[in-house]
Participant: 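This structure is in structure tokens; I'll ask about it shortly.
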Amino acid sequence: NGKVEFRDVHFAYDAARPILKGISFTVPAGKTVAIVGPSGAGKSTISRLLYRFYDIQQGAILIDGQDVRDVTQKSLRAVIGMVPQDTVLFNDTIAYNIRYGRVDASEAEVEEAAELAQIAHFIEALPDGYETMVGERGLKLSGGEKQRVAIARTILKAPPILILDEATSALDTHTEQEIQTSLDLVSRGRTTIVIAHRLSTIIRADEIIVLRDGLIAERGSHTHLLKEK
Ligand code: ADP
Ligand code: ADP
């Protein structure tokens, strides 16, 4: 399970300026839909609506047929995982940061997730900016390493629904490719919404939706849309 449906979704932060003007799409359980569009198109808004940070004005958002308005934010957080553009780490060990979201996980499970995300060698380290009174200092992590912490967290949480919100856009090209490969592995078999501003950063998606001016301007398969460009 983990099917996500947006049905004629209308949304505005402020009534004078609609952001989504009737968006419909379905992400079948276990499939991947990519949402592509210029900055300000409303892509991140879609993920916030799924989490129910805001309620929509018209239409419906359903998870496995259930309207999210009938579900608490807490339950939504339990089924949705998110890898954001920039991962902000808590001032505690990397292991703690990985465990966040599934506090009941065993140490072995945390280690396994860290290994899969290729950060097993620094899970006991503290993040950058951390400094204790006795002068211990945190480790300066690169953008890619921080994204790997978010990936390990997601592997451990194993949510049925995953949102990748520009998860690689802050990285250099080489790191971006490496992280994309890891994300591709994590998202396999999971309902995934990939948000990106460039079509070229989407490696794999069952459907690509191009958002423009609050509407779906184009939709189709990877090959279909790439051919048109
Ligand atoms: P994208 O992810 O495609 O770049 P967003 O969904 O973040 O776009 O934003 C869509 C539009 O909504 C932008 O014009 C943005 O300024 C506006 N917006 C986003 N968040 C808020 C908010 N909390 N209040 C008012 N306007 C907002
Ligand atoms: P993110 O989801 O990437 O953490 P935010 O939710 O803070 O980012 O904002 C996303 C976009 O929406 C940004 O372009 C920001 O400028 C815009 N935005 C956020 N809050 C508001 C707001 N209250 N009014 C107008 N624009 C906003």
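First listed ligand is number 1; within each ligand, the first listed atom is number 1.
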Participant: From the options Tyr13, Phe11, Tyr54, select the one whose nearest heavy atom is closest to atom 20 (N) of ligand 1.
Facilitator: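 Among Tyr13, Phe11, Tyr54, the closest heavy atom to atom 20 (N) of ligand 1 comes from Tyr13.
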Participant: Decide yes or no on salt bridge (Lys or Arg N to Asp or Glu O under 4.0 Å) for Glu109 and Arg99, but give the supporting numbers first.
Facilitator: CA-CA 9 Å; Glu109 286 176 303; Arg99 191 181 296 243; over 6 Å; no
Participant: At a 4.0 Å cut-off, with the gap strictly under it, does some heavy atom of Gly37 reach an atom of ligand 1?
Facilitator: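 For ligand 1, residue contact (heavy atoms, under 4.0 Å) with Gly37 is absent.
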Participant: Describe, in one word, how the ring planes of Tyr96 and Phe90 are oriented to each other, choosing from parallel (under 30°), tilted (30 to 60°) and perpendicular (over 60°).
Facilitator: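 Ring orientation, 0 to 90° scale: perpendicular.
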Participant: Could you list the atoms of ligand 1 found under 4.0 angstrom from a heavy atom of Thr45?
Facilitator: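 That gives atoms 5 (P), 6 (O), 9 (O), 10 (C) of ligand 1.
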Participant: For the atom pair CG (Leu126) and CD1 (Ile94), what is the distance rounded to the nearest 0.5 Å?
Facilitator: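 The CD1 atom of Ile94 is 7.5 Å from CG of Leu126, to the nearest 0.5 Å.
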Participant: At the 4.0 Å heavy-atom cut-off, does Arg48 count as touching ligand 1?
Facilitator: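 Yes, that is the case, since the closest heavy atom of the residue is under 4.0 Å from the ligand.
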Participant: What are the atoms of ligand 1, with element, lying closer than 4.0 Å to any heavy atom of Pro38?
Facilitator: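 By the 4.0 Å cutoff, the relevant atoms are 3 (O).
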Participant: How far does NE2 of His197 sit from OG of Ser169, to the nearest 0.5 angstrom?
Facilitator: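 The NE2 atom of His197 sits 5.5 Å away from the OG atom of Ser169.
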Participant: When you compare the side chain of Ile63 with that of Leu76, does any pair of heavy atoms fall below 4.5 Å?
Facilitator: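 In short, these two side chains touch, coming nearer than 4.5 Å.
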Participant: State the atoms of ligand 1, each with its element, that fall below the 4.0 Å cut-off from a heavy-atom position in Ser44.
Facilitator: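 Near Ser44, the atoms of ligand 1 are 1 (P), 2 (O), 6 (O), 7 (O).
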Participant: Scan side-chain atoms only and decide if Thr87 and Arg153 contain a donor-acceptor pair under the 3.5 Å cut-off.
Facilitator: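 Arg153 and Thr87 do not have a side-chain donor-acceptor pair below 3.5 Å.
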Participant: Looking only at heavy atoms, is any part of Phe53 under 4.0 Å from ligand 1, and if so is it the side chain, the backbone, or both, or is it neither?
Facilitator: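 Neither; no heavy atom under 4.0 Å.
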Participant: Could you tell me which atoms of ligand 1, counted from 1 in the order shown, lie closer than 4.0 angstrom to a heavy atom of Ala41?
Facilitator: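 The list of qualifying atoms is 1 (P), 3 (O), 8 (O).
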Participant: What do the steps show when you test Tyr13 against Thr45 for side-chain hydrogen bond (donor to acceptor under 3.5 Å, both in side chains), and what is the final call?
Facilitator: CA-CA 9 Å; Tyr13 291 99; Thr45 299; 2.8 Å; yes
Participant: Could you tell me whether Ile19 and ligand 1 have an N or O pair separated by under 3.5 Å?
Facilitator: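 No, since none of the N or O atoms of Ile19 sits under 3.5 Å from an N or O of ligand 1.
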Participant: Using a 4.0 Å heavy-atom threshold (strictly under), name the region of Arg17 that reaches ligand 1: side chain, backbone, both or neither.
Facilitator: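 It is the side chain that touches ligand 1; the backbone stays farther off.
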